[in-house]
Amino acid sequence: MPARPAPPALQSHLPEEATAAVIAWFDRSGRDLPWRHPDASAWSILVSEIMLQQTPVVRVLPRWQEWMRRWPAPADLAAAPTAEVLRAWDTLGYPRRALRLQECARVITEQHGGQVPRGLEALRALPGIGEYTAAAITAFAHHGRAAVADTNIRRVLVRTLDGHAHPGPALTAHQRALTAASLPEGREQSVRWNQAVMELGALVCTARAPRCEECPLRERHCRWFAAGRPEGTGAPARTQAFAGTDRQLRGQIMALLRKGPAGPEAIAALDPNDPERVRRCRGTLVADGLAVEIPQQPAAGAAGEAAGDTESADLAGGLRLP
DNA sequence: AACGCGGGGAA
DNA sequence: TTCCCAGCGTT
């Protein structure tokens, strides 16, 4: 059996000329986002990164402005009532992020002297900060050299270097290697590169309808464009459940609780046809720390309930924010 | 590696 | 309706 044909010569990284072109494009066309301002604090950048996890920039902007006004330092958020934090999170989605962000503020206040820690390991130890966010804070807040691999950067590098249309749902070892190899050596250049290539993915090399005519890599550096922009063999295939999911009902319950404590009838009315689903979602919200049970008040003058009744699940009361 | 976790805007 | 969005934590 003869050896398989040699793969086409892959470039595992972008030449310096290409990174310089992307940085020049960014200087010309990048958005003026407030967390990119030179005087943005490390804390404010950390907050922006958490909010931007799975939530688009345009929706984050007003919430971030309000948070920075109300809680300009970690100690401010650490001291805030959690219910207020969840209300201020509003409809950014995935409200567990808000809980983790407040926990993060408390750890920074109590264990790091109120300063966002440096180093990938110390950052990853904070609640809600994973591989991407630790690298992003290192690069954007501390101006350190770190390989940032968000969905935008992964898409740009996979298209230009691999010639594939989509990077897939998860960061792979191969993609880690691409981001590491493409990172400019100089610290300052590496920071600019991360910002620039991320922005290129957000504005030009988009998932849906890329604007290749505006791309500085189109002519000489993009394998995907050279191949005629082939669609991937398999669709992204991320079947995301829609109506009827627990996630949707959890969101509806949280919307109710943001307005104030809610009685059991109001919660049950969100899905009158499926009390079991309501019960399940109430339970997971409480378990997640996003809601608190309101104990049922025994009827005035009534005799004590049966002593053996240790489980009150059947007698669910209302819920409120923690 | 796969799954659950919100919500809104665009194709 | 579907897809996508500066992902993370758990199993």
Side-chain angles (χ1 to χ4, degrees), chain A residues 26 30-31 33-36 40 44-64 86 89-101 103-104 123-141 146-156 165-173 175 179 194-203 205-211 231-232 234-258 280-281 283-285 287-291:
Chain A
F26 177 70
R31 291 167 293 184
L33 300 174
W35 45 82
R36 289 180 181 159
S44 76
I45 292 170
L46 187 156
V47 171
S48 79
E49 290 298 340
I50 301 295
M51 288 183 170
L52 287 163
Q53 291 169 0
Q54 298 290 281
T55 303
V57 167
V58 288
R59 286 177 52 204
V60 164
L61 271 170
R63 298 297 81 182
W64 182 86
L86 288 170
W89 190 259
D90 198 45
T91 60
L92 285 180
Y94 295 148
R96 295 188 297 190
R97 288 184 292 163
L99 295 184
R100 296 198 190 110
L101 186 47
E103 296 169 21
C104 191
L123 287 165
R124 292 226 28 188
L126 297 173
I129 296 187
E131 177 174 359
Y132 158 74
T133 307
I137 291 170
T138 296
F140 305 144
V148 179
D150 79 316
T151 187
N152 292 306
I153 295 178
R154 290 167 53 218
R155 187 173 52 250
V156 172
H166 301 290
L171 176 64
T172 65
Q175 291 170 11
T179 59
N194 281 323
Q195 285 281 21
V197 67
M198 185 180 295
E199 189 78 336
L200 187 70
L203 298 184
C205 193
T206 53
R208 201 68 76 88
R211 303 168 166 174
E231 276 307 312
R238 276 284 287 263
T239 50
Q240 182 170 221
F242 191 58
T245 61
D246 285 2
R247 209 156 69 186
Q248 185 192 36
L249 180 56
R250 282 168 55 105
Q252 291 173 347
I253 295 174
M254 288 302 294
L256 204 56
L257 300 189
R258 282 195 297 271
R280 186 172 63 242
C281 288
T284 61
L285 286 174
D288 285 345
L290 288 165

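In what follows, every chain begins at residue 1, and chains take the letters A, B, ... in the order their sequences are listed.
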Inset, instruction - Could you list by number each residue of residues 128-135 of chain A showing a heavy-atom separation from DNA chain C of less than 4.0 Å, or answer none if no residue does? - result: A:Gly128, A:Ile129, A:Gly130, A:Glu131, A:Tyr132, A:Thr133
Inset, instruction - Pick the P atom in C:dC8 and in B:dG8, then give their distance to the nearest Å. - result: 23 Å
Inset, instruction - Tell me, please, which residues at least two apart from A:Glu103 pass side-chain hydrogen bond (donor to acceptor under 3.5 Å, both in side chains). - result: none
Legend entry - Sugar-phosphate, base or nothing in reach of A:Thr55, heavy atoms under 4.0 Å: base
Inset, instruction - Determine the Euclidean distance between corresponding C1' atoms of C:dC5 and B:dG6; express it in Å to zero decimal places. - result: 12 Å
Legend entry - Atom P, compared across C:dA6 and B:dC3: separation rounded to whole Å: 24 Å
Inset, instruction - Please tell me which of the listed nucleotides, C:dC8, B:dC5, C:dA6, lies nearest to the side chain of A:Gln53? - result: C:dC8
Legend entry - Closest nucleotide among C:dC8, C:dA6, B:dC5 to the A:Arg250 side chain: B:dC5
Legend entry - Touch class at under 4.0 angstrom, heavy-atom based, for A:Arg36 against every strand present: base
Inset, instruction - Could you work out which one of B:dG7, C:dA6, C:dC4 sits closest to the side chain of A:Pro56? - result: B:dG7
Inset, instruction - Could you tell me whether A:Trp35 contacts a base, only the sugar-phosphate backbone, or nothing, with contacts defined as non-hydrogen atoms closer than 4.0 Å? - result: base
Inset, instruction - Please figure out whether A:Arg208 or A:Leu285 has its closest DNA chain B nucleotide nearer the 5' end. - result: A:Leu285
Inset, instruction - Provide, to the nearest angstrom, the distance between the CZ atom belonging to A:Arg155 and the C1' atom belonging to C:dC5. - result: 9 Å
Legend entry - Touch class at under 4.0 angstrom, heavy-atom based, for A:Ala136 against every strand present: nothing
Inset, instruction - Look at the side chain of A:Arg59 and decide which nucleotide, out of C:dC4, C:dA6, B:dG7, has an atom nearest to it. - result: B:dG7
Inset, instruction - Let me know the distance between CG of A:Leu61 and P of B:dG9, rounded to the nearest Å. - result: 14 Å
Inset, instruction - Please confirm whether any donor atom in the side chain of A:Thr151 sits under 3.5 Å from an acceptor in the base of C:dG7, or the reverse. - result: no
Inset, instruction - Return the nearest nucleotide to the side chain of A:Arg97; candidates are C:dA6, B:dG6, C:dC5. - result: B:dG6
Legend entry - With sequence neighbours excluded, residues passing side-chain hydrogen bond (donor to acceptor under 3.5 Å, both in side chains) with A:Thr206: none
Inset, instruction - Please answer whether the main-chain N or O of A:Arg96 pairs with a side-chain N or O of A:Asp288 as donor and acceptor at a distance below 3.5 Å. - result: no
